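Read the structure below first, then the notes.
This one's a predicted model, so the numbers in the text were calculated from it and none came from an experiment. Proteins come first, then strands; the chains are lettered A, B, ... in the order of their sequence lines, and each starts at number 1.
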There are 2 protein chains.
Amino acid sequence: MRILVVEDEPKLLKSILEFLKTEDYICDGALSYREATDHVSTYNYDCLIVDITLGDGSGLELIKILKLYKSEAGIIIISAKDSLEDKIHGLELGSDDYLTKPFHLSELNARLRAVLRRKNYHGQENLKFGEIRIELSRKAVYLKETEVYFTPKEYELLLFFIANQNKVVTKTSIADHMWEDEYSFGSYDFIYSHIKNLRKKFEDSACPDYLKTIYGIGYKFELA
Amino acid sequence: MRILVVEDEPKLLKSILEFLKTEDYICDGALSYREATDHVSTYNYDCLIVDITLGDGSGLELIKILKLYKSEAGIIIISAKDSLEDKIHGLELGSDDYLTKPFHLSELNARLRAVLRRKNYHGQENLKFGEIRIELSRKAVYLKETEVYFTPKEYELLLFFIANQNKVVTKTSIADHMWEDEYSFGSYDFIYSHIKNLRKKFEDSACPDYLKTIYGIGYKFELA
DNA sequence: GCTGTACAATGAGAATTTTAGTAGTCGAAG
DNA sequence: CTTCGACTACTAAAATTCTCATTGTACAGC
């Protein structure tokens, strides 16, 4: 379940992303208009959460553009104003729901579930990939039928790879997803480190290592 | 026993919720139509209490929609008008009972019990989870056959965990559920504090600690 | 095939973050 | 005025994440 959150207030964006990640969504953030269109033109999202009171242009314009790229994605609008106008415009342009600041994060989650359900993504409870099984609601990872503990970063990374299975993921995109704001372009040592930990857990459980290194590019998670 | 109350008058909603909580129901509130459908699409309720004179649309419409999602849930209609028409319509659409404003909360409780009984939830008096037994009617908690006093917040938290057993509950959702009004992105110290108190009571009674910490995320209440 | 360079993997420990624990303040109820 | 529960502030402990130095590996050019 892939989500893009567009919000210009860094703190709020961060806490939304953190929360959604704890709820097992694969999500990215954009601080501006342009960043958002970049992301949308690059990745496939199932739902977009958009603050329409961004600084750099009309948020409703943005929605039109987003729709062009990704017409089947759900859209939830966030707004500070409770103005009926904006609400109506938003809904006319094809947003699926509307949320007024301030809001509870679990409220956002409820809307999100509703939107995704309306789009027939009945929230999956389990993920399977080869010998790996994940019970999302329990955050439990099973390798070959035995439960293995994964730290938050490891868990998130694993989910990310499964979401992008059979595709090459660049280190840049990994860094982008997992370390939103503060990733320094210098080295990817921290990625190597987490990759190593993942592989160690596979090995310790005699689980095949589905993670292929693509030299000079990144990784690919695939069977056999 | 999970209940959703749909009522657009905030004060009334609040007092209904408070009352139901003292009666040991796990309950959520919705101030509008849309909020209600969100909740219903997200959680499983055993009964819905719906004011059909909401501002944002016909309440009877709402009931139709609610039924679509969750046909086995009981429904009690609240209405300001005592019109026979609405009553008949409501019952036709599958509501189980009907209550006219103003009403006593104890009256609501009686209807609720009746509805739940009819649905074979014959007045669930006890909850059990491992070595924990709760007599809901008395708000009495037994750990390993000895009664232990739990403060109101501890009790509510315990019920929340039991209601969400075997699932990871994030700190955010705990905060959202237990401190609906005034929680702002602060620290989670108060959660830690209550968690500690719960665990202390388990320990003092030599009762297993079913509460697992999920580092960086929240907690999980499960056997073994 | 050999060699050099850039990239990737590894292991250990430092730094940071998160949680547990302790003590104490505040405010409401009696 | 006292008691009790709810919450806060602070310290300690635990766990995770990140850094860094080092070792190993793939690729390209010769």
(message) Checking side-chain hydrogen bond (donor to acceptor under 3.5 Å, both in side chains) between B:E222 and each of B:Q165, B:K212, B:K167, which is the one that passes?
(response) B:K212
(request) For residues B:V148 and B:S205, report the shortest heavy-atom separation together with the two atoms involved. (result) CG2-OG, 3.4 Å
(request) Would you mind reading off the distance between A:K212 atom NZ and D:dT25 atom C1', rounded to a whole angstrom? (result) 17 Å
(message) For A:E203, is the CD atom crowded, meaning more than 12 foreign heavy atoms sit under 6.0 Å from it?
(response) no
(request) Could you work out which one of D:dC18, D:dC7, C:dT18 sits closest to the side chain of A:K153? (result) D:dC18
(request) Starting at atom CG of A:N197, determine the distance to atom P of C:dT10, rounded to an integer number of angstrom. (result) 10 Å
(request) Identify the two heavy atoms, one from B:K153 and one from B:M178, that lie closest to each other, and give their separation to 0.1 Å. (result) O-CE, 3.7 Å
(request) For B:I191 and D:dA6, give me the distance from atom CD1 to atom C1', rounded to whole Å. (result) 13 Å
N/O-N/O pairs, protein side and nucleotides 20-25 of chain C side, under 3.5 Å:
{"unit_1": "C:dA20", "atom_1": "OP1", "unit_2": "B:R199", "atom_2": "NH2", "d": "2.3"}
{"unit_1": "C:dA20", "atom_1": "OP1", "unit_2": "B:T213", "atom_2": "OG1", "d": "2.7"}
{"unit_1": "C:dA20", "atom_1": "OP2", "unit_2": "B:Y219", "atom_2": "OH", "d": "2.7"}

(request) Considering non-hydrogen atoms only, spot the tightest contact between B:A36 and B:V6 and give its length. (result) CB-CG2, 3.7 Å
(message) Can you measure A:L198 atom CG to C:dA8 atom P for me and round it to whole angstrom units?
(response) 16 Å
(request) Using a strict 4.0 Å threshold on nitrogen-to-oxygen distance, state whether B:D46 and B:R2 make a salt bridge. (result) no
(request) Measure from OH on B:Y188 to P on C:dT19 and round the result to the nearest Å. (result) 9 Å
(message) Rounded to whole Å, please give me the gap between NZ in B:K201 and C1' in D:dC4.
(response) 11 Å
(message) Using every non-hydrogen atom in the two residues, find where B:E154 and B:Y149 come nearest and quote the distance to one decimal.
(response) OE1-O, 4.4 Å
(message) Taking any heavy-atom pair under 4.0 Å as a contact, classify A:L157: base, sugar-phosphate, or nothing.
(response) nothing
(request) Send over the distance from A:F190 CZ to D:dT16 C1', rounded to a whole Å. (result) 15 Å
(request) Kindly give the heavy-atom pair with the smallest separation between B:L31 and B:P10, and that separation in Å. (result) CD2-CA, 3.9 Å
Short heteroatom pairs, N/O only, protein and nucleotides 12-15 of chain D, under 3.5 Å:
{"unit_1": "D:dA15", "atom_1": "N3", "unit_2": "B:Y215", "atom_2": "OH", "d": "3.4"}

(request) Can you tell me the distance, in whole Å, between the CG atom of A:L211 and the C1' atom of C:dA9? (result) 12 Å
(request) Over all heavy atoms of both residues, which pair between B:K139 and B:Y155 is shortest? Give the atoms and the distance, please. (result) CA-OH, 3.4 Å
(message) As a test of reading the structure: which of D:dT8, D:dT16, C:dT19 is closest to the side chain of A:P152, going by heavy atoms?
(response) D:dT16
(request) Check whether any side-chain N or O of A:W179 sits under 4.0 Å from OP1 or OP2 of D:dC18, and answer yes or no. (result) yes
(request) Answer yes or no: does a side-chain N or O of B:K171 lie under 4.0 Å from OP1 or OP2 of C:dT19? (result) yes
